[in-house]
Amino acid sequence: DVVMTQTPVSLSVSLGGQVSISCRSSQSLVHNNGNTYLSWYLQKPGQSPQLLIYKVSNRFSGISDRFSGSGSGTDFTLKISRVEPDDLGVYYCGQGTQYPYTFGAGTKLELK
Amino acid sequence: QVTLKESGPGILQPSQTLSLTCTFSGFSLSTYGMGVGWIRQPSGKGLEWLANIWWDDDKYYNPSLKNRLTISKDTSNNQAFLKITNVDTADTATYYCARSWYFDFWGPGTMVTVSS
């Protein structure tokens, strides 16, 4: 199985600040078709996860451009700029390149 | 507008079979490229992918649950199903269904408690 390692486990940020979350995979996430199926999700308290970013750097419909994804191969980053109260929650990376699909353990974003 | 909603028994006893239903709208599982996945989350813990079913009836399972999983679909009624046999307290979780490829839309989840 592909192991997804997220760091840090938790993050404190001031409103308006910027944060980065790292996600590393134990194997390359480049699919045979050339695509890299690495996604980022945010789970707000008491809610289902919601898709933010897919295929490394593509923002899902309606997602603010304050969220950006980057990376390649086994090393990926989610950056959030100008943090707002609605950004707080747990962020997960997930891979859909290889079965079984796997997720990182999550990064909790809290207010400083 | 894409929506999904999970339904399940709420509570069941160890060794029973868990049957879950995902009822969705806004897309069809007969459309090329469409799929539905099941993911679960024990309270306060992370996400675990369980299974996926695709428009062409291809099915994939998480081997960590060995042969306990069965996924199926009813295209006419826009539903997907998941069965987990021989449940244990470790299967207590919120179960989500989500649209694939990217799990772009999720249901609100259904809580399942396994307890004697």
Side-chain angles (χ1 to χ4, degrees), chain A residues 1-7 9-10 21 23 25 29 31-63 67 69 76 78 89-108, chain B residues 1-8 20 22 24 26-27 33-54 58-69 71 82 84 93-112:
Chain A
D1 298 6
V2 178
V3 176
M4 306 296 287
T5 303
Q6 270 184 253
T7 54
V9 172
S10 64
I21 300 170
C23 177
S25 57
L29 296 186
H31 193 274
N32 290 340
N33 64 14
N35 290 315
T36 300
Y37 295 103
L38 185 283
S39 300
W40 290 95
Y41 305 88
L42 165 60
Q43 187 172 31
K44 300 177 185 177
Q47 296 186 19
S48 311
Q50 60 178 101
L51 177 67
L52 301 174
I53 302 283
Y54 64 97
K55 286 201 295 183
V56 181
S57 59
N58 295 274
R59 272 187 299 276
F60 184 52
S61 174
I63 299 303
F67 293 87
F76 305 93
L78 175 71
V90 181
Y91 289 80
Y92 295 95
C93 60
Q95 67 84 16
T97 292
Q98 183 181 128
Y99 289 107
Y101 293 164
T102 47
F103 296 91
T107 295
K108 188 172 186 178
Chain B
Q1 181 190 3
V2 174
T3 64
L4 302 96
K5 187 172 184 179
E6 308 85 352
S7 57
L20 299 166
C22 175
F24 54 86
F27 69 99
M34 284 297 168
V36 166
W38 287 94
I39 302 104
R40 71 180 179 182
Q41 184 175 39
S43 179
K45 297 192 177 179
L47 303 168
E48 180 184 27
W49 173 79
L50 300 175
N52 255 61
I53 190 165
W54 296 96
D58 257 357
K59 300 164 187 175
Y60 295 89
Y61 298 102
N62 193 325
S64 70
L65 278 84
K66 297 178 184 177
N67 299 318
R68 299 173 53 213
L69 301 177
I71 194 169
L82 184 70
I84 306 178
T94 296
Y95 287 77
Y96 299 101
C97 62
R99 190 178 76 162
S100 289
W101 283 76
Y102 310 114
F103 299 141
D104 54 357
F105 293 94
W106 296 61
T110 185
M111 287 186 61
V112 174

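Within every chain, numbering begins at 1; the chains are lettered A, B, ... in the order of the sequence lines, protein sequences first and strands thereafter.
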Checklist entry - Given a strict heavy-atom distance threshold of 4.5 Å, which part of B:Tyr96 is in contact with chain A: side chain, backbone, both, or neither? => result side chain
Next on the checklist: Could you check whether B:Arg99 makes a cation-pi contact with B:Phe24, meaning its NZ or CZ is under 6.0 Å from the centre of the six-membered ring and within 45° of the ring axis?
Outcome noted: no
Checklist entry - Are the side chain of A:Asn35 and the backbone of A:His31 linked by a donor-acceptor contact shorter than 3.5 Å? => result no
Checklist entry - Which of the residues A:Tyr99, A:Tyr92, A:Tyr41, A:Phe103 is involved in the greatest number of heavy-atom pairs with chain B at under 4.5 angstrom? => result A:Tyr99
Next on the checklist: Using heavy-atom distances under 4.5 Å, tell me whether A:Tyr101 contacts chain B through its side chain, its backbone, both, or neither.
Outcome noted: both
Checklist outcome for this item: Taking every heavy atom of B:Gly37 against every heavy atom of B:Asn52, the minimum-distance pair comes out as CA-OD1, 3.2 Å
Checklist outcome for this item: Residues A:Tyr37 and A:Thr97: closest non-hydrogen pair is N-OG1, 3.2 Å
Next on the checklist: Please report the interatomic distance CH2(B:Trp49) to OH(B:Tyr60), rounded to the nearest 0.5 Å.
Outcome noted: 9.5 Å
Checklist outcome for this item: Whatever's closer than 4.5 Å to a heavy atom in chain A on B:Leu50 counts as neither
Next on the checklist: Is A:Gln43 in contact with chain B via its backbone, its side chain, both, or neither, using a 4.5 Å heavy-atom distance?
Outcome noted: side chain
